[in-house]
2 protein chains.
Amino acid sequence: MARLPIYLRALTTLAEEAVTTVSSEELASAAGVNSAKLRKDLSYLGSYGTRGVGYDVDYLVYQVSRELGLTQDWPVVIVGLGHLGHALANYGGFASRGFAIRALVDADAATVGTEIAGLRVRHLDGLEEEVRKHGIAIGVIATPAPVAQEICERLVAAGVSSILNFAPVVLVVPDEVEVRKVDMSIELQILAFHEQRKLGPERHGRLNDAVAELADAVST
Amino acid sequence: MARLPIYLRALTTLAEEAVTTVSSEELASAAGVNSAKLRKDLSYLGSYGTRGVGYDVDYLVYQVSRELGLTQDWPVVIVGLGHLGHALANYGGFASRGFAIRALVDADAATVGTEIAGLRVRHLDGLEEEVRKHGIAIGVIATPAPVAQEICERLVAAGVSSILNFAPVVLVVPDEVEVRKVDMSIELQILAFHEQRKLGPERHGRLNDAVAELADAVST
DNA sequence: AGGCGCTTGTGAACGAACGCACAAAGTGAG
DNA sequence: CTCACTTTGTGCGTTCGTTCACAAGCGCCT
Ligand SMILES: NC(=O)c1ccc[n+]([C@@H]2O[C@H](COP(=O)([O-])OP(=O)(O)OC[C@H]3O[C@@H](n4cnc5c(N)ncnc54)[C@H](O)[C@@H]3O)[C@@H](O)[C@H]2O)c1
Ligand SMILES: NC(=O)c1ccc[n+]([C@@H]2O[C@H](COP(=O)([O-])OP(=O)(O)OC[C@H]3O[C@@H](n4cnc5c(N)ncnc54)[C@H](O)[C@@H]3O)[C@@H](O)[C@H]2O)c1
């Protein structure tokens, strides 16, 4: 389930506050979900709660971490160390959540050889060697969009089977490779869509009209 | 619909390649979705296709842009100009997709006053004034997690009604405010989950066991 | 020891979204 | 003009996920 990481974050926050026990209701509101949904999600991992009491925070942290495969550290390579790649490489939040950035790769001669967050940037030529050397299964693509697909293919060929893509393109990969994309422009556009709708439906698209009609129908 | 921005991107790419007409099948595969789903999505905006031919690319770009509210530029404020805030402020992909970054705000004395991407960073004190001055409806939070909720409340109080949050916290907002979050750690954790499953179910969590049993049941 | 109150785990109903498959509609060739 | 071909728009069955609601289980208080 894609919600486990959210629960895990809420749980670790609680653990830091020295909370030992939490009810599904509390945890659900901290994670921003329905409590029945949370209980059902957790029940897929097994019965780790105590009726009448709730869940033991530390124990649940462990179980969820195990389920997510975070009891070990995953080595990661970042390809493309422009603005975004720099930010990612310097971000401490990955290391503390089960990931270890092990290799940085870029094509730009000016960037290659520089040190970022204690790691030396290697030239693109060494991509495959870095992946093999560190046994890297997870690759991050932070290159310009036009080269993302090519980088993706090289990562896959080298043995990477999970990719986090920041470039605004749809990557084509074999079935066994998992891709997730983070696209900030799309997020903003979705916000703009809702924002526009708030301004009043009359001056806008047909989708809004349809929604307005629906609202009318409901209110009568 | 949350898929419209993806279609829009595929369409603009096609437009740049001087493609004038596209079938639902082609556009769907470029966007990575089922063609029936794409046609149904587009039909919500109206009937802009021609049977036997397909969709006119330029016309569809315009219709989708209008639906998303991208015929105008949306002013945006970024709060927190650390690594990530810098990357965002310098990113050209926003301006070309209907957004104009109009204000940068940070609490750090060393950052305030510096110029990033042609814009001067203003102190947090001026947040409300900047929002009002530019009529900003969309705010981006790139501050450390502990202050994100507080910043969020100030943005909302100042009149911002859509927020893009990069801090790893669940923001609490009034119903009429739209929040979207981008959480890179969560994306990585989801990848780790799938990665772990590939390694073989025997040494892992109960969720995997359940899936394995299911697979057994199906194959017999 | 027994009962009371609280919280979990889940069966079942509901609803939304997906995708198949086809009729309707347009194009172009003969 | 007609026919064969292409592609849209959509009705409908199906699947997936969410939520309600409640029985089962646990701890605590008496
Ligand atoms: N910066 C942001 O805030 C932001 C936001 C959304 C999306 N993105 C996307 O993320 C990607 C990176 O953005 P950025 O702002 O860091 O861009 P950037 O131009 O600052 O950095 C790109 C980096 O990739 C390197 N590169 C180019 N070709 C390469 C190749 N073939 N192999 C390896 N490295 C190569 C460049 O040398 C450069 O260091 C882009 O696709 C962009 O669209 C960025
Ligand atoms: N850098 C990444 O790649 C990355 C990845 C995932 C998530 N994030 C999240 O994004 C956020 C920012 O990350 P970062 O790497 O840029 O951190 P950072 O520490 O580099 O930058 C944080 C910035 O926020 C400013 N700030 C602090 N308190 C403030 C306040 N009250 N008001 C306004 N500004 C304030 C600081 O002065 C600093 O400039 C964090 O919440 C982080 O968890 C970052």
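Hydrogens, waters and symmetry mates are skipped; everything else that's a heavy atom, side chains included, is used.
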Practice item. Look at B/Tyr55 and C/dG26 and indicate whether a side-chain polar atom (N or O) is within less than 4.0 Å of OP1 or OP2. Key: no

Check your understanding: Does the base of D/dG9 carry an N or O that pairs as donor and acceptor with the side chain of B/Lys40 under 3.5 Å?
Key -> no

Revision key, fill the gap. Separation of D/dC26 atom P from A/Tyr48 atom OH, nearest Å, is 16 Å

Practice item. Report yes or no: do B/Glu67 and B/Gln63 form a side-chain donor-acceptor pair below 3.5 Å? Key: no

Exercise for review: Taking atom OH of A/Tyr91 as the centre, report whether more than 12 heavy atoms of other residues, nucleotides or ligands fall under 6.0 Å from it.
Suggested key: yes

Check your understanding: Can you check whether A/Ser24 has a side-chain N or O nearer than 4.0 Å to OP1 or OP2 of C/dT8?
Key -> yes

Point to revise | Rounded distance in Å - OH (A/Tyr44) to C1' (D/dT18) | key: 11 Å

Exercise for review: Calculate the interatomic distance between B/Leu42 atom CG and D/dT7 atom P; express it in whole Å.
Suggested key: 16 Å

Practice item. Flag the pair A/Tyr55 / A/Tyr48 as yes when their ring centroid distance falls below 6.0 Å, and as no otherwise. Key: no

Practice item. Could you tell me the separation between the CG atom of B/Leu38 and the P atom of C/dC20, rounded to a whole number of Å? Key: 14 Å

Check your understanding: Rounding to a whole Å, what distance do you find between A/Gln63:CD and C/dG9:P?
Key -> 12 Å

**Study point:** First of A/Ala36 and A/Gly52 reached from the 5' end of DNA chain D, by closest nucleotide
**Key:** A/Ala36

Exercise for review: Starting from the 5' end of DNA chain D, give me the residue, A/Arg51 or A/Arg3, whose nearest nucleotide shows up first.
Suggested key: A/Arg3

Review point. Which atoms form the tightest heavy-atom contact between B/Ala30 and B/Ala10, and what is the distance?
Key: CB-CB, 4.2 Å

Study note, to complete from the structure: Taken to the nearest whole Å, CZ/B/Arg39 to P/C/dC22 is 14 Å

Check your understanding: Roughly how many Å is it from CG in A/Asp56 to C1' in C/dT7, rounded to a whole number?
Key -> 15 Å

Check your understanding: Please give, in whole Å, the distance from D/dT18 C1' to A/Met1 CE?
Key -> 10 Å

**Study point:** Donor-acceptor pair between B/Ser162 and A/Glu195 side chains, under 3.5 angstrom
**Key:** yes

Study note, to complete from the structure: Of the candidates D/dT10, C/dC18, C/dC20, the side chain of B/Asn34 sits closest to C/dC20

